[in-house]
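Just so you know, residue 1 is the first one in the sequence shown, and it goes up from there.
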Amino acid sequence: MIVVTGGAGFIGSRLITALNRRGQSDIVVVDHLGSSSKWRNLNGLRFSDYLERDRFMSALLAGDFGQRIEAVFHLGACSSTTETDVGYLMENNYRYTHRLAAWRADHPGCRFVYASSAATFGDGAQGYRDDESALETLRPLNPYGFSKQMFDLAAKREGWLSSIVGLKYFNVFGPNEAHKGEMRSLIHKAFPALRKEGVVRLFKSHRKDYADGEQVRDFIHVDDAVAITLFFLDNPDIGGIFNVGTGQGRTWNHLAQAMFSAMQMPVDIKYIEMPPHLRGKYQYFTQADMHKLREAGCAHLCMSLEESVKNYLIEHLLPEEES
């Protein structure tokens with residue numbers, strides 16, 4: 001049995017898709033659906049049960065699953081980088097993860113992979129190396145990143161990182177992200193205006209050393225992120241914190257140009273003011289250092305930005321619009 005928390009979410013549902021393709025359907029999906037549209041991401045997927053997150057935790061700690069769980073992918077969290085309720089983030093992202101990891105410490109035969117975040121790197125002043133010895137030097141820019149950082153530090157203190165895996169996902173985009181609201185990728189948010197107006201809008205830069213649209217991100221397609229995630233299921237002896245990105249920083253201008261190219265449309269980028277509440281918390285450069293993952297033996301080659309954007313637009317967003 002495999003447990004996927006956040007299983008109805010973006011990365012979680014695509015992970016279940018990949019597990020189904022491997023022939024795995026003994027999967028317990030854990031999430032908090034509420035009145036969101038996340039349930040749509042589970043349509044057509046094969047899994048054995050669904051549990052709300054609190055009920056799952058109670059059942060887990062009560063021993064209801066016995067020794068049947070062979071792996072837990074803990075991807076469930078509040079992923080909003082603009083959430084200001086720090087107490088909520090700490091309870092949801094830090095404390096819940098700590099309870100799961102503490103349970104796993106008593107069940108060493110269970111593989112445990114959890115989602116950290118590239119947001120823990122803050123402004124990148126310390127670089128983007130997934131070096132556990134440098135965790136204490138990182139300074140996240142927002143409460144979300146702080147809540148993720150707190151568990152990374154706790155896992156290190158507890159000595160868990162030798163046998164569990166934390167994944168620092170960079171800018172993931174692709175199918176099944178529609179429910180994420182403002183946390184959707186720019187591609188998903190910009191697609192309607194691209195279709196109706198032939199324009200993509202990007203934030204202006206508020207730093208003199210970066211021109212408008214030249215802010216850099218490490219964009220990775222969700223299916224590439226999932227392939228890297230599954231590497232750690234297939235290699236259960238590896239532990240530690242690892243970056244999940246392409247290792248290639250690209251600008252927002254590059255992303256917009258890839259969208260126009262995929263749609264065979266002329267480039268028309270308009271730059272808009274960045275909201276004041278984001279300016280002090282905005283990362284101007286992110287790029288995953290992938291050396292540690294390669295040294296661990298993961299040879300997965302990610303799609304190029306142009307290829308992955310085209311795949312998303314042509315294979316998913318356009319058909320959804322036309323259906």
Side-chain angles (χ1 to χ4, degrees), residues 3-12 30-36 38 51-62 72-106 112-126 128 130-132 134-161 163-172 179-183 239-244 277-278 280-283 286:
V3 172
V4 182
T5 75
F10 176 31
I11 300 176
V30 179
D31 213 308
H32 176 59
L33 291 178
S35 58
S36 77
K38 285 192 294 185
L51 290 172
E52 284 283 309
R53 62 190 180 198
D54 292 337
R55 185 175 179 185
F56 167 71
M57 182 63 75
S58 297
L60 184 74
L61 298 182
V72 173
F73 290 96
H74 179 44
L75 306 179
C78 172
S79 60
S80 174
T81 58
T82 58
E83 175 61 59
T84 58
D85 188 338
V86 184
Y88 168 71
L89 287 167
M90 290 299 288
E91 185 62 30
N92 196 67
N93 294 359
Y94 166 71
R95 182 58 57 189
Y96 195 96
T97 308
H98 198 286
R99 291 187 185 115
L100 278 180
W103 171 87
R104 187 269 164 196
D106 294 328
F112 188 81
V113 179
Y114 73 92
S116 181
S117 172
T120 58
F121 288 114
D123 65 4
Q126 304 301 319
Y128 292 95
D130 38 8
D131 180 1
E132 291 133 38
L135 282 177
E136 291 81 0
T137 68
L138 302 182
R139 297 293 182 267
L141 295 176
N142 54 52
Y144 163 72
F146 174 76
S147 68
K148 289 292 191 176
Q149 166 81 342
M150 288 301 96
F151 180 73
D152 289 347
L153 292 171
K156 180 179 178 179
R157 287 195 305 272
E158 296 285 355
W160 293 335
L161 290 179
S163 58
I164 71 174
V165 172
L167 299 179
K168 294 199 175 191
Y169 293 104
F170 277 66
N171 282 65
V172 186
H179 67 280
K180 290 174 65 66
E182 283 304 306
M183 294 301 108
I241 291 178
F242 292 85
N243 287 336
V244 179
H277 70 277
L278 291 180
K281 302 174 183 178
Y282 190 81
Q283 294 173 306
T286 67

* Asked: Would you call F112 and L100 a side-chain contact if the rule is heavy atoms closer than 4.5 Å?
  -> yes

* Nearest non-hydrogen partners of R104 and S163, listed with the distance -> NH1-OG, 3.0 Å

* Structure fact -> Interatomic distance, CG@D123 vs CZ@R139, rounded to 0.5 Å, equals 11.0 Å

* Structure fact -> Interatomic distance, CG@L278 vs CG@L141, rounded to 0.5 Å, equals 11.5 Å

* Could you pull out the closest heavy-atom pair between F146 and M90, with the gap in Å? => CE2-SD, 3.8 Å

* **Atom pair CD1 (I241) and NZ (K156), whose distance is rounded to the nearest 0.5 Å** => 8.5 Å

* Asked: Between S80 and E83, is there a donor-acceptor pair closer than 3.5 Å when you use the side chain of the first and the backbone of the second?
  -> yes

* Got L167 and V113 here, is their nearest side-chain heavy-atom distance under 4.5 Å? -> yes

* Asked: When you check the gap from the basic side-chain N to the acidic O, do D31 and K38 get nearer than 4.0 Å?
  -> yes

* To do: Looking only at non-hydrogen atoms, find the nearest pair between C78 and L89 and report the distance.
  => SG-CD2, 3.7 Å

* Asked: Could you walk me through whether K168 and Y128 pass the side chain to side chain contact (heavy atoms under 4.5 Å, CB included) check?
  -> CA-CA 10 Å; K168 294 199 175 191; Y128 292 95; over 6 Å; no

* Asked: Taking side chain as C-beta onward, heavy atoms only, is F56 less than 4.5 Å from V3?
  -> yes

* Quick one: are the ring centres of H98 and W103 less than 6.0 Å apart? -> no

* To do: Identify the heavy atoms of P140 and Q149 that sit nearest to each other, and give their distance.
  => CG-CB, 3.8 Å

* To do: If the plane angle is over 60° it's perpendicular, under 30° parallel, otherwise tilted; pick one for F121 and F170.
  => tilted

* Asked: Taking atom types as modelled, is there a side-chain donor on N142 or T81 under 3.5 Å from an acceptor on the other?
  -> no

* Asked: Going by heavy atoms in the side chains, are R55 and V30 under 4.5 Å from each other?
  -> no

* Asked: Is the backbone N or O of A77 less than 3.5 Å from a side-chain atom of N93, with the two atoms forming a donor-acceptor pair by type?
  -> no

* **Heavy-atom pair of closest approach, residues Q283 and A118** => NE2-O, 3.8 Å

* Asked: At their closest point, which heavy atom of R53 faces which heavy atom of Y96, and how far apart are they?
  -> O-OH, 2.6 Å

* **Aromatic ring proximity, centroids under 6.0 angstrom, F151 and Y114** => yes

* Asked: To the nearest 0.5 Å, how far apart are CD in E136 and CD in Q126?
  -> 11.5 Å

* **Residue pair R99, E91: steps toward the salt bridge (Lys or Arg N to Asp or Glu O under 4.0 Å) verdict** => CA-CA 10 Å; R99 291 187 185 115; E91 185 62 30; 3.2 Å; yes

* To do: Look up atom CG in L153 and atom NZ in K148, then write down how far apart they are to the nearest 0.5 Å.
  => 13.5 Å

* Within the distance-only criterion (no hydrogens, no angle test), does the side chain of S58 pair as donor or acceptor with the backbone N or O of D54 below 3.5 angstrom? -> yes

* **Gap separating the OH atom of Y144 from the CG atom of N92, nearest 0.5 angstrom** => 11.0 Å

* Go through the steps for H74 and T5 under the test side chain to side chain donor-acceptor pair (under 3.5 Å), then give the verdict. => CA-CA 5 Å; H74 179 44; T5 75; 2.6 Å; yes

